Amino acid sequence: MIKNIVFDMGKVLLAFEPQKYSHEVIPNADAAEAVLHELFLGPEWTMLDAGTITDEEAVKRVQSRIPQYAESVSRAMEHWDDMLTPLPGMSEILAALKEKGYRLYVLSNMSMRFPVIFENREIFQYFDGYVFSSAEKIVKPDPAIYRCLLNRFCLKAEECLFIDDLPRNIEGAVGVEMSGHPFTGAEELLGYFKSENIL
C-alpha cells in the first residue's frame with residue numbers, strides 16, 4: 001500500500017530549461033550557446049549536484065574555458081534558479097494527494113541552492129521533507145541516497161512511490177524496493193494515479 005510519494009524536482013515539479021534561460025538573460029547568441037554548453041551542460045553542473053564544488057568555483061572553472069564570455073557566465077549563474085517555475089498541473093495534483101493523506105517528499109540531484117528554492121516556491125507547501133544530493137554528497141541513482149531518504153523520515157520502501165523523469169533514477173528507486181513511475185507530464189501522471197486508485 002502506497003503511503004508516501006517521492007518526487008524529483010527538475011522537469012517534474014519545476015521547469016528546467018537552460019537553453020531558453022541562457023538566451024533570455026544573455027543577448028548575444030554565441031555567448032548564450034557557450035554558457036549553455038560550458039555551464040549548464042558542462043562537468044561543473046554535475047559537480048555542483050554532487051556537492052564537490054561551490055557556485056563560485058564552478059563559475060571560475062567555466063570562465064577559464066570561455067574567458068571572452070566571463071561576464072555572461074556570472075550573470076547566468078547568479079539567477080539561474082529563476083527558470084525553476086512550477087510545471088502546469090502539478091500544484092493541483094499535489095494538493096489532491098495531500099488531501100488524500102499521502103506524505104510527500106522531494107529527492108533531487110541539486111546544488112546547495114536547493115533549500116532556498118524549497119523555501120521560496122509555493123509548490124513546496126505540500127511537502128513533508130526533502131533530501132538533496134549536494135548536502136549528502138550522493139547523487140541519484142546511487143542506492144545510498146534513496147536509503148538516506150527512507151532512514152531520515154522513517155519510511156518503509158514498499159510504501160513509497162518514486163516519480164522521476166529519468167529512467168535510471170526510477171531503476172535506482174526500484175533497486176531499494178520502492179515503486180517507481182516515469183514522469184512524462186502532469187496529465188499522464190494524473191491518469192496513472194487514478195488507474196492505481198491513488199487519486
Side-chain angles (χ1 to χ4, degrees), residues 1-17 46 48-51 81 83-199:
M1 181 180 177
I2 298 300
K3 297 180 180 179
N4 315 291
I5 305 181
V6 185
F7 291 85
D8 177 34
M9 185 181 74
K11 299 185 180 181
V12 175
L13 297 172
L14 304 177
F16 179 69
E17 301 179 274
T46 302
L48 286 166
D49 284 351
D81 48 310
M83 75 173 106
L84 299 175
T85 55
L87 287 176
M90 290 306 294
S91 290
E92 292 80 0
I93 289 174
L94 295 172
L97 290 170
K98 204 65 186 166
E99 189 174 339
K100 281 274 194 175
Y102 293 99
R103 293 181 68 80
L104 307 179
Y105 300 91
V106 179
L107 178 59
S108 179
N109 284 350
M110 178 67 190
S111 73
M112 291 302 293
R113 210 175 285 200
F114 180 90
V116 174
I117 294 167
F118 189 91
E119 291 298 324
N120 289 286
R121 297 293 191 282
E122 189 174 341
I123 195 170
F124 292 117
Q125 67 180 299
Y126 303 107
F127 285 85
D128 298 284
Y130 60 76
V131 167
F132 65 104
S133 59
S134 58
E136 309 303 329
K137 303 292 192 292
I138 314 165
V139 296
K140 294 179 295 186
D142 188 321
I145 196 165
Y146 304 92
R147 294 193 185 103
C148 177
L149 176 84
L150 297 172
N151 293 335
R152 184 158 301 162
F153 298 104
C154 301
L155 308 177
K156 296 179 180 179
E158 63 271 20
E159 295 178 347
C160 295
L161 171 63
F162 179 62
I163 310 295
D164 198 296
D165 62 307
L166 297 177
R168 65 176 180 270
N169 293 341
I170 297 289
E171 291 168 9
V174 171
V176 298
E177 301 184 358
M178 297 168 69
S179 299
H181 183 75
F183 182 83
T184 58
E187 186 175 348
E188 190 282 332
L189 184 62
L190 181 59
Y192 169 76
F193 283 155
K194 288 181 176 178
S195 71
E196 296 294 313
N197 295 316
I198 292 172
L199 283 178

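Predicted, not measured: the structure shown is a model, and the values here were computed from it.
Atom CD1 in Ile5 sits 10.5 Å away from atom OG in Ser179 (nearest 0.5 Å). For the atom pair CG (Leu48) and CE (Met110), the distance works out to 9.0 Å, reported to the nearest 0.5 Å. Here the CD1-CG distance, from Ile138 to Asp49, works out to 13.5 Å after rounding to the nearest 0.5 Å. One finds the CD1 atom of Ile2 at 7.0 Å from the SG atom of Cys160 (value rounded to the nearest 0.5 Å). Separation of atoms CZ (Phe7) and CD1 (Ile123) is listed at 9.0 Å; rounding is to 0.5 Å.
Counting non-hydrogen atoms of other residues, nucleotides and ligands closer than 6.0 Å to NZ of Lys137 gives a total above 12. Residue-environment remark: CD (Glu177) stays at or below the threshold of 12 foreign heavy atoms within 6.0 Å.
Side-chain contact between Leu161 and Tyr102 is absent, with no heavy atoms from C-beta onward closer than 4.5 Å. Side-chain contact between Tyr146 and Val6 is absent, with no heavy-atom pair separated by less than 4.5 Å. Looking at Ile117 and Leu14, their side chains come closer than 4.5 Å, going by heavy atoms from C-beta outward. Within the 4.5 Å cutoff, side-chain heavy atoms of Ser108 are placed close to those of Asp8. Side-chain contact between Met9 and Leu84 is present, with at least one heavy-atom pair separated by less than 4.5 Å.
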Could you go through Asp128 and Lys98, starting from their C-alpha distance and side-chain angles, then the distance that decides it, and tell me whether this counts as salt bridge (charged side-chain N to carboxylate O under 4.0 Å, His left out)? CA-CA 10 Å; Asp128 298 284; Lys98 204 65 186 166; 2.5 Å; yes
Run the side chain to side chain contact (heavy atoms under 4.5 Å, CB included) test on Phe124 and Leu13 for me, step by step, so that the C-alpha distance in whole Å, both residues' side-chain angles and the decisive distance to 0.1 Å come before the verdict. CA-CA 9 Å; Phe124 292 117; Leu13 297 172; 3.8 Å; yes
Stepwise, does the side chain to side chain contact (heavy atoms under 4.5 Å, CB included) test hold for Leu97 with Tyr126? CA-CA 9 Å; Leu97 290 170; Tyr126 303 107; over 6 Å; no
Between Val106 and Phe114, is a side chain to side chain contact (heavy atoms under 4.5 Å, CB included) present by the stated rule, with each step listed? CA-CA 11 Å; Val106 179; Phe114 180 90; 3.9 Å; yes
Please determine whether side chain to side chain contact (heavy atoms under 4.5 Å, CB included) holds for the pair Arg121 and Asp81, giving the CA-CA distance in whole Å, both sets of side-chain angles, and the decisive distance to 0.1 Å. CA-CA 11 Å; Arg121 297 293 191 282; Asp81 48 310; 4.2 Å; yes
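When atom types are taken as modelled, the side chain of Gln125 and the backbone of Glu122 share a donor-acceptor pair closer than 3.5 angstrom. Asn109 places a side-chain N or O within donor-acceptor distance of the main-chain N or O of Lys140, the cut-off being under 3.5 Å. A donor-acceptor pair is defined here as one N or O able to donate and one able to accept, closer than 3.5 Å; no such pair exists between the side chain of Ser133 and the backbone of Val139.
Outside the 6.0 Å centre-distance limit, the rings of Phe132 and Phe118 are not counted as a close aromatic pair.
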Between side-chain atoms of residues 188-199 and protein atoms elsewhere (two or more places apart, or another chain), which donor-acceptor pairs fall under 3.5 Å?
unit_1 : atom_1 : unit_2 : atom_2 : d
Glu188 : OE1    : His181 : NE2    : 3.1
Glu188 : OE2    : His181 : NE2    : 3.2
Ser195 : OG     : Tyr192 : O      : 2.8

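Of the candidates Tyr130, Phe153, Phe127, Tyr105 forms a ring-ring contact (aromatic ring centres under 6.0 Å, His included) with just one, namely Phe153.
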